[in-house]
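Reading through the structure tokens given below for one structure.
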Amino acid sequence: MITLNHYLLLSALLFSIGTAGIFLRRNLITLLLSVEIMLNAVNLTFVAVGRFNGSVEGQIITFFVMTVAAAEAAVGLAIIIALFRHRETLTPDAFTSLKW
Amino acid sequence: MDAALFYLFAAISVICSLGVVGQRNPMHSVMLLIGSFISLAGLYVGLDSPFVAVTQIIVYTGAIMVLFLFVVMLLNAPREDLAPGGQVPIPRNLKVVGGLLSLSMAGMLVWALSRLAPTPFVEDPQAAARVESVREIGLVLFRDHAFAFEVTSILILVAMVGAIVLAKKTV
């Protein structure tokens, strides 16, 4: 019998994996991917709780989260391209000064 | 939902996400994340939400992840820790601290959720049909959340202009 708790636990696990990626990795693209993992974990919570309440509101919030994720990915990747053009590296430690 | 399918998809998504975080090659990370998203779409189907499942596959794996793949290939993304310029790799003690932080967060979340009494889904075919119906989603989206929907379009426009301006040769 799969209960709501199973879905919440799974999404908590996925969210923690995403934070671990933010803490442990030193590659701008992987950092953005970790943010996507966290957004998806939250989406799973929304859909599961919406199903539990018998309403479609959870799916609608998921729809908005996906839109924001798309916008965030587009702008974030553009910033990464601009940074890479300056320093030829994706290590965040290379971009410690605001002006060069 | 069939318990076996839930555990299968949950295992795939967790293993793929761990692979995303553990990989050194960004290309492999993106591929594994696509696997994780597809298994999440399977979980959405189990939650009687086929619309979200299809959107997940079309928008996430079809659009966002392809964008990531393009950038990884465009930049010929260097493998982590092999980047030129003499950057030192992340120190070991910082890695330990970061791992402990995320582990403690996982522990906290699991502990908090384990205090929750088991809450099974109500087997109400009427509620399931309402959640499942794309017509209902459209009605609620365009009637109750019309303003948020319109604001979203402005957000997309701004993001599009911003991405073009940022990626231009001369900023």
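Residue numbers begin at 1 in each chain, while the letters A, B, ... track the order of the sequences. Computation of the quantities below employed the complete heavy-atom set of this structure, encompassing side-chain atoms and omitting hydrogens, waters and symmetry-equivalent molecules.
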I'd like to know which of A:L13, A:T19, A:I80, A:L77 tops the heavy-atom pair count under 4.5 Å against chain B. A:L77
Interface residue of largest heavy-atom contact number with chain A, from B:I164, B:V97, B:L101, B:I156, under 4.5 Å: B:L101
Check whether A:L14 gets within reach of chain B through its side chain, its backbone, both or neither, counting any heavy atom under 4.5 Å. side chain
Any idea which heavy atoms bring A:F64 and B:A148 closest together, and the distance? CZ-CB, 3.7 Å
So which part of B:V158 gets closer than 4.5 Å to some heavy atom of chain A, the side chain, the backbone, both or neither? neither
Can you see which heavy atom on A:A12 is nearest to which on B:L113, and at what distance? CB-CD1, 4.0 Å
Test your reading of the model: is there a side-chain donor-acceptor pair from B:R130 to the backbone of A:V56, 3.5 Å cut-off? no
In this structure, CD1 of A:I22 is separated from OG of B:S102 (nearest 0.5 Å) by 11.0 Å
Aromatic centroids of B:F6 and A:Y7 separated by under 6.0 Å: yes
Using non-hydrogen atoms and a 4.5 Å limit, figure out which bit of A:I60 sits close to chain B: side chain, backbone, both or neither. side chain
Which one of A:I37, A:L8, A:V68, A:L33 has the most heavy-atom pairs closer than 4.5 Å to chain B? A:L33
With a 4.5 angstrom heavy-atom cut-off, is it the side chain or the backbone of A:T62 that approaches chain B, or both, or neither? side chain
Ranked by heavy-atom pairs below 4.5 Å to chain A, first place among B:A112, B:G22, B:S29, B:P120 goes to B:P120
So what's closer than 4.5 Å to chain A heavy atoms on B:F68: side chain, backbone, both or neither? both
If you count heavy-atom pairs within less than 4.5 Å of chain A, which of B:A106, B:A63, B:G162, B:A127 leads? B:A106
Specify the closest pair of heavy atoms between A:S16 and B:L109, including all atoms of both residues, with the distance to one decimal. OG-CD1, 4.0 Å
Just do the side chain to side chain contact (heavy atoms under 4.5 Å, CB included) check on B:Y60 and A:L39 with the steps written out, would you? CA-CA 11 Å; B:Y60 257 119; A:L39 285 170; 4.1 Å; yes
Strictly by modelled atom types, are B:S36 and A:N40 linked by a side-chain donor-acceptor pair under 3.5 Å? no
Check the angle between the aromatic planes of B:F149 and A:F63 and answer parallel, tilted or perpendicular using the 30° and 60° thresholds. parallel
Determine whether a donor-acceptor pair (N or O, by modelled atom type, separation under 3.5 Å) exists between the side chain of A:R51 and the backbone of B:F121. no
If you count heavy-atom pairs within less than 4.5 Å of chain B, which of A:A71, A:S34, A:G50, A:G18 leads? A:A71
Taking every heavy-atom pair that is under 4.5 Å apart, which of A:L44, A:I79, A:I81 has the most such pairs with chain B? A:L44
Among pairs that include at least one residue of residues 54-63 of chain A, which meet salt bridge (Lys or Arg N to Asp or Glu O under 4.0 Å), considering only residues two or more places apart or in two chains? none
If I compare all heavy atoms of B:L33 with all of A:E36, which pair ends up nearest, and what's the gap? CD2-CB, 4.2 Å
What part of B:M108 lies closer than 4.5 angstrom to a heavy atom of chain A: side chain, backbone, both or neither? neither
